[in-house]
Amino acid sequence: MTAEPPRFIGSEIYRKSSFGPWHPLRIPRVSTVIDLTRAMGWLTPARYVASPRAKPAALGIWHDPAYLAALQRAEAEQVVSDETRARYHIGTHSNPVYPEMYRRPATGAGGSLLAGELLTGGGVIYHPAGGTHHGMPDRANGFCFLNDPVLAILSLRRAGARRVAYVDIDAHHPDGVELAFAGDPETLMISVHEEKRWPFTGALGDDGGGNAFNLPVPRGLNDSEMAAVLDALILPRVAAFRADAIVLQCGADAVEEDPLSRLSLSNNAHWAVVAALRPLSPRYLVLGGGGYTPWSVGRLWAGVWATLAGHDIPDRLPKPAEAVLRSLSWEGNRRGRDVPEHLFTTLRDAPRAGAVGAELRVRLAVLGRRAAP
């Protein structure tokens, strides 16, 4: 395969769209990453690909047409009936009615479908708007109206990637992806997620029909522990699987500052996973996911692009990039006041090393004894 240079899939729809003034996804995320990487001179027009909006027929390779119709109708009418809310879980606190509630997730899904096609000849694609791993075929779930990782894997399959490894380092378990591919010997699934955290799936003993390796981790997971997970679980399992394509869901909610988890990683831990997986397959798709602190998400995901595209991360940001971070606000959360200065002036967190806990070692040993799928 002759691989293209790494490409970045994005859209301006995320700049103009929000789940509402009270929702955790009210913060700017993808637009911040686009602005930061451009301010750094890392994202040229030749590397940027505008995401298409997926049509219902394309989404129907996994999603129920009746649900897609209900989602479009809710966007058009900006209200749902009690029956629709109960049946499809839209118009709830987690999955609210908002102006772009079909167009926005359909754009994210369109980017992941396109990524599979663009990777036909090999290469690297970064799609930070992707990673909506909770979406179910016939209902919204956990801020996710559609499931673009599932659609990405199906698109990769259509483009010739028979064996796909899916790795998820979001703080939350990818219940929708596991539902889609449980028991499929040509899909390897590895999830590292906080224990006793919504959606309360992905227990250590849950093998998804034999092809899923679920590692629930204790609160306070540090960089040293994530390095141990990478070396003992992720890399050996993915290398042995000999995947035609790797999909990494790189949710940014496992860092110390995130309000929806209790893990303590620095962004260095995420970048180490991104770099380590790249040589293991000719096709590599990196998605976004969770992440609910505007500065941490923007800095982490901009660093993912630097890692993929081969850019050095400076100790101090140039003024245009610093201005992007200083322009952000986080209304309605106390952490939006008195923001630490380094969140404006740097991308790289201070490493958060520590001891590797005994319980984590035990769980890694349990998974290490599992037979390969």
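Throughout, residue positions are numbered sequentially from 1 according to the sequence presented.
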Tightest non-hydrogen contact, residues Thr37 and Val33, listed as OG1-O, 2.8 Å

When you check the gap from the basic side-chain N to the acidic O, do Glu12 and Lys16 get nearer than 4.0 Å? no

Side-chain heavy atoms under 4.5 angstrom apart, residues restricted to Ile, Leu, Val, Met, Phe, Trp, Tyr: same cluster for Met189 and Phe200? no

With the threshold set at 4.0 Å, does a side-chain nitrogen-carboxylate oxygen contact exist between Arg85 and Asp82? yes

Just so I know, are the side chains of Leu235 and Leu230 near enough to count as touching, which here means a heavy-atom distance under 4.5 Å? yes

Ignoring hydrogens and geometry, is there a side-chain-to-backbone donor-acceptor pair from Arg158 to Ser155 under 3.5 Å? no

Taking Val177's backbone N and O only, do any of them form a donor-acceptor pair with His134's side chain (distance below 3.5 Å, no angle check)? no

Stepwise, does the side-chain hydrogen bond (donor to acceptor under 3.5 Å, both in side chains) test hold for Thr187 with Arg157? CA-CA 10 Å; Thr187 306; Arg157 289 261 174 81; 2.4 Å; yes

Could you tell me if the side chain of Trp305 sits less than 4.5 Å from the side chain of Arg47, heavy atoms only? yes

Please round to the nearest 0.5 Å and tell me the distance separating atom OG of Ser81 and atom CZ of Arg87. 12.0 Å

Kindly indicate whether the side chain of Met40, heavy atoms from C-beta on, has any atom under 4.5 Å from the side chain of His311. no

Is the backbone of Gly202 close enough, under 3.5 Å, to the side chain of Glu178 for a donor and an acceptor to pair up by distance? no

Does this structure show an ion pair linking Arg103 with Glu75, if we count only N-O contacts that are shorter than 4.0 Å? yes

For the CG atom of Asn95 and the NE2 atom of His23, what is their distance to the nearest 0.5 Å? 6.5 Å

Can you give the donor-acceptor pairs under 3.5 Å from side chains of residues 248-255 to other protein atoms, not counting sequence neighbours?
{"residue": "Gln249", "atom": "OE1", "partner": "Gly251", "partner atom": "N", "Å": "2.9"}
{"residue": "Gln249", "atom": "NE2", "partner": "Gly131", "partner atom": "O", "Å": "3.0"}
{"residue": "Gln249", "atom": "NE2", "partner": "His133", "partner atom": "ND1", "Å": "3.3"}
{"residue": "Gln249", "atom": "NE2", "partner": "Asp170", "partner atom": "OD2", "Å": "3.3"}
{"residue": "Asp253", "atom": "OD1", "partner": "Ala171", "partner atom": "N", "Å": "2.9"}
{"residue": "Asp253", "atom": "OD2", "partner": "His172", "partner atom": "ND1", "Å": "3.0"}

Would you call Val247 and Val167 a side-chain contact if the rule is heavy atoms closer than 4.5 Å? no

Sub-4.5 Å side-chain heavy-atom contact between Ile313 and Trp42: yes

Closest non-hydrogen atoms of Glu225 and Gly220, given as atom of the first, atom of the second and distance, are OE1-O, 3.9 Å

Would a distance-only check, ignoring hydrogens and angles, find a side-chain to backbone donor-acceptor pair under 3.5 Å from Asn211 to Gly183? yes

With under 30° as parallel and over 60° as perpendicular, where do the rings of Trp22 and His93 fit, or are they tilted in between? perpendicular

What I'd like to find out is whether the side chain of Arg26 reaches to under 4.5 Å of the side chain of Pro21, using heavy atoms alone. no

Above 12 or not: heavy atoms from other molecules or residues under 6.0 Å from CZ of Arg326? yes

Indicate yes or no for a side-chain donor-acceptor contact from Asn147 to the backbone of Met136 under 3.5 Å, with no hydrogens or angles considered. no

Evaluate the side-chain contact (heavy atoms from CB on, under 4.5 Å) criterion for residues Glu359 and Glu195: first the C-alpha distance (whole Å), next the side-chain angles of each, then the deciding distance (0.1 Å), finally the verdict. CA-CA 12 Å; Glu359 184 59 35; Glu195 67 180 355; 5.9 Å; no

Chi angles and distances behind the side-chain contact (heavy atoms from CB on, under 4.5 Å) call for Lys196, Arg219: CA-CA 9 Å; Lys196 300 177 183 177; Arg219 287 185 172 197; over 6 Å; no

Verify, without hydrogens or angle tests, whether Tyr126 (side chain) and Trp301 (backbone) share a donor-acceptor contact under 3.5 angstrom. yes

Test side-chain contact (heavy atoms from CB on, under 4.5 Å) applied to Ile61 and Val150, step by step: CA-CA 10 Å; Ile61 62 173; Val150 170; over 6 Å; no

Verify whether one side chain among Glu256 and Ser264 offers a donor that lies under 3.5 Å from an acceptor in the other. yes

I need the minimum non-hydrogen distance between Ala66 and Tyr88, along with the two atoms involved. CB-OH, 3.7 Å

Mind running side-chain contact (heavy atoms from CB on, under 4.5 Å) on Thr32 and Asp35 for me, showing each step along the way? CA-CA 5 Å; Thr32 301; Asp35 293 345; 5.8 Å; no

Between Asp64 and Arg139 (salt bridge meaning N to carboxylate O under 4.0 Å), is one present in this structure? no

Closest heavy-atom contact between Val238 and Ala165? CG1-CB, 4.3 Å

Answer yes or no: is there a side-chain heavy-atom contact under 4.5 Å between Pro56 and Tyr102? yes

Distance under 6.0 Å and angle within 45° of the ring axis: does Arg163 meet both against Phe241? yes

Judged by modelled atom types alone, do Asp148 and Thr132 share a side-chain donor-acceptor pair under 3.5 Å? yes

Rounded distance [0.5 Å steps], NE2 in His193 versus CG in Leu215: 7.5 Å

Flag if over 12 foreign heavy atoms under 6.0 Å of CZ, Arg15: yes

Quick one, Asn267 and Val304 - any side-chain contact, counting heavy atoms below 4.5 Å? no

Between Asp207 and Gly209, is there a donor-acceptor pair closer than 3.5 Å when you use the side chain of the first and the backbone of the second? yes

Rounded to the nearest 0.5 Å, what separation is found between the NE2 atom of His270 and the CE atom of Met226? 7.0 Å

Atom pair CD1 (Ile125) and CZ (Arg283), whose distance is rounded to the nearest 0.5 Å: 12.0 Å

Taking every heavy atom of Ile9 against every heavy atom of Gly111, the minimum-distance pair comes out as CD1-O, 3.4 Å

Indicate the atoms forming the closest heavy-atom contact of Leu347 with Gly303, along with that distance. CD1-N, 4.4 Å

With a 3.5 Å distance limit and no angle check, can you tell me whether Tyr14 reaches the backbone of Gly108 through a side-chain donor-acceptor pair? yes

Has the side chain of Ser191 got a donor or acceptor atom that lies under 3.5 Å from a matching backbone atom of Asn214? no

Which atom pairs, one a donor and one an acceptor, fall under 3.5 Å between side chains of residues 289-298 and the rest of the protein, sequence neighbours left out?
{"residue": "Thr293", "atom": "OG1", "partner": "Glu257", "partner atom": "O", "Å": "3.1"}
{"residue": "Trp295", "atom": "NE1", "partner": "Leu325", "partner atom": "O", "Å": "2.9"}
{"residue": "Ser296", "atom": "OG", "partner": "Glu257", "partner atom": "OE1", "Å": "3.3"}

More than 12 foreign heavy atoms under 6.0 Å from CD of Glu83: is that the case here? no

Where the side chain of Ser51 meets the backbone of Thr107, is there a donor-acceptor pair that is under 3.5 Å apart? yes

Same cluster or not: Trp198 versus Leu263, using hydrophobic residues (I, L, V, M, F, W, Y) connected whenever any side-chain heavy atoms lie under 4.5 Å apart? no

Atom pair NE2 (His342) and CZ (Arg316), whose distance is rounded to the nearest 0.5 Å: 12.5 Å

Would Asp175 and Asn141 count as having a side-chain donor-acceptor pair, cut-off 3.5 Å? yes

